[in-house]
Amino acid sequence: MSLAGAPQGFLSPTGVEIAFLLVGLVTFGAALVTVTTRQLVHAALWLVVALGGLAVEYLLLTAEFIAWVQVLIYVGSVVVLLLFGLMLTKAPIGRSPDADSGNRWAALTVAVAAATALIWVVVDAFRATWIDLDGPAAGSTEVTGASLFQNWVLPFEALSVLLLAALVGAIVLSRKAKTDSSSPLANSRTATESSRLITKSDEDSGSPSSGPKGRGGRSERVEANKRDDRGGPAAQEGAR
Amino acid sequence: MHLVYPAVLSALLFCTGLYGVLARRNAILILMSVELMLNAVNLNLVAFDVWLSKTAEETLHSGQALTLFTIAIAAAEIGIGLAIVLAVHRDRGTADIDRLRDTAEGHESHEGSAADGTDTDAPVTGAAAEKAEATA
């Protein structure tokens, strides 16, 4: 093996390495199940396992603050948000046969090729690199807080502005679809109805004057919009 | 610990997320795969930060600070993404991104039957709506 030149061989792993390998296997398996399962809710639940495994990996790398932030934000909020999204979009609870699109074999080819290239490059570049995990932890809360508030204050503040913008943006996006009645679907439906009305009035009157046609289309559209408004809140409450 | 272990695990997770993004059809499953890719990047950042802070005595801890920023931006991204997916679902009644082909060119010929014809006649009805608006 060409790895014999490394100061620490791969054939005698330390305890931390064995733990990292086992947790990494669990994490990778959970990630594989997440992207291949046909039950959408199970995908979200396996994502919890993968993200929790990554938190354990951060702990093994002595980055404890990152680990707990990972548990709090990813496992605590992001997965819950994803589950809410799955329920609000009325995802099927059981197996859904169309979870994968038709290009899964092309996707598999691309992913395997990318994995081969990345692992080859990474192993070739860093096979002799050793992380010294002894001594004081590199990512304890004290160290992370000191570096964050000494060197990274300005990006930290900018990040709070970004979070505020994302909050406002999410609220605006979900309110607009509720109050704005000219959604594309309603538009197309009204348009087909109004065009149908135009042809009907053409057949009825036979006059090519544009006035009544336009007015008829407008009133029909208003009616359709009212119908859409009535359907909107009801669907909202049903989703809730 | 060898740096190869976290680096290889992160490469594997990234490619798993890549497969999910390319092969999945539901928009929320694609968001989950994007989360996997972001987490792979986070693992890489943390591993390299721990390595550099010990060997190069780098005290800036840029890797961990960037990991925190990535986590926060991923939370913002998932909020905005879910809002968009919910708006699309409310409008179209589906979260299937293979059927959102309104801006596609040249796909109507062999995808029209699968898409219920909603997007194939969208330009025609849009023109009709514009005509009704102009004549009103």
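Predicted model only: the values in this text are computed from it and were never measured. So you know, we letter chains A, B, ... as the sequences are listed, proteins then strands, and number each from 1.
- Neither the backbone nor the side chain of B:Ser10 comes within less than 4.5 Å of any heavy atom in chain A.
- For a residue to count as touching a neighbouring chain, one of its non-hydrogen atoms must lie under 4.5 Å from one of that chain's; by this rule A:Leu159 touches chain B with the side chain only.
- For a residue to count as touching a neighbouring chain, one of its non-hydrogen atoms must lie under 4.5 Å from one of that chain's; by this rule B:Leu29 touches chain A with the side chain only.
- Salt bridge A:Asp100/B:Arg24: present, at least one basic N to carboxylate O contact under 4.0 Å.
- Comparing B:Ser53, B:Ala65, B:Gly20, B:Ala11 by how many heavy-atom pairs each has under 4.5 Å with chain A, the most go to B:Ala65.
- Other residues, nucleotides and ligands contribute more than 12 heavy atoms inside 6.0 Å of the CH2 atom of A:Trp152.
- If you measure heavy-atom distances from A:Thr62 to chain B, the contacts under 4.5 Å come from the side chain alone.
- Per-residue heavy-atom pair counts under 4.5 Å with chain A were compared for B:Asn39, B:Val4, B:Ile80, and the maximum is reached by B:Asn39.
- Contact of A:Leu82 with chain B is made through backbone and side chain together, with heavy-atom distances under 4.5 Å.
- Relative orientation of the B:Tyr5 and A:Phe20 rings is tilted, given thresholds of 30° and 60° on the angle between their planes.
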Listing, residues 36-43 of chain A side-chain donor-acceptor contacts under 3.5 Å, not counting sequence neighbours, or none:
from, atom 1, to, atom 2, distance (Å)
A:Thr36, OG1, A:Leu32, O, 2.6
A:Thr37, OG1, A:Gln39, N, 3.3
A:Arg38, NH1, A:Pro97, O, 3.2
A:Gln39, OE1, A:His42, ND1, 3.4
A:Gln39, OE1, A:His42, NE2, 3.4

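- The residue among B:Thr67, B:Leu13, B:Leu43, B:Asn26 with the most heavy atom pairs within less than 4.5 Å of chain A is B:Leu43.
- Of the two parts of B:Leu9, only the side chain, counted from C-beta on, holds a non-hydrogen atom closer than 4.5 Å to a non-hydrogen atom of chain A.
- Considering only heavy-atom pairs separated by less than 4.5 Å from chain B, the leading option among A:Ser147, A:Ala165, A:Gly24, A:Ala113 is A:Ser147.
- For the set A:Gly85, A:Ala111, A:Ala107, A:Ala146, the count of heavy-atom pairs under 4.5 angstrom toward chain B peaks at A:Ala107.
- With a 4.5 angstrom heavy-atom cutoff, B:Leu36 touches chain A only via side-chain atoms.
- Interface remark: B:Ile84 contributes backbone and side-chain atoms alike to the contact with chain A (heavy atom separation under 4.5 Å).
- By a heavy-atom distance cut of under 4.5 Å, A:Ile131, A:Asp132, A:Leu133, A:Asp134, A:Pro136, A:Ala138 are the residues of residues 131-138 of chain A near chain B, going up by number.
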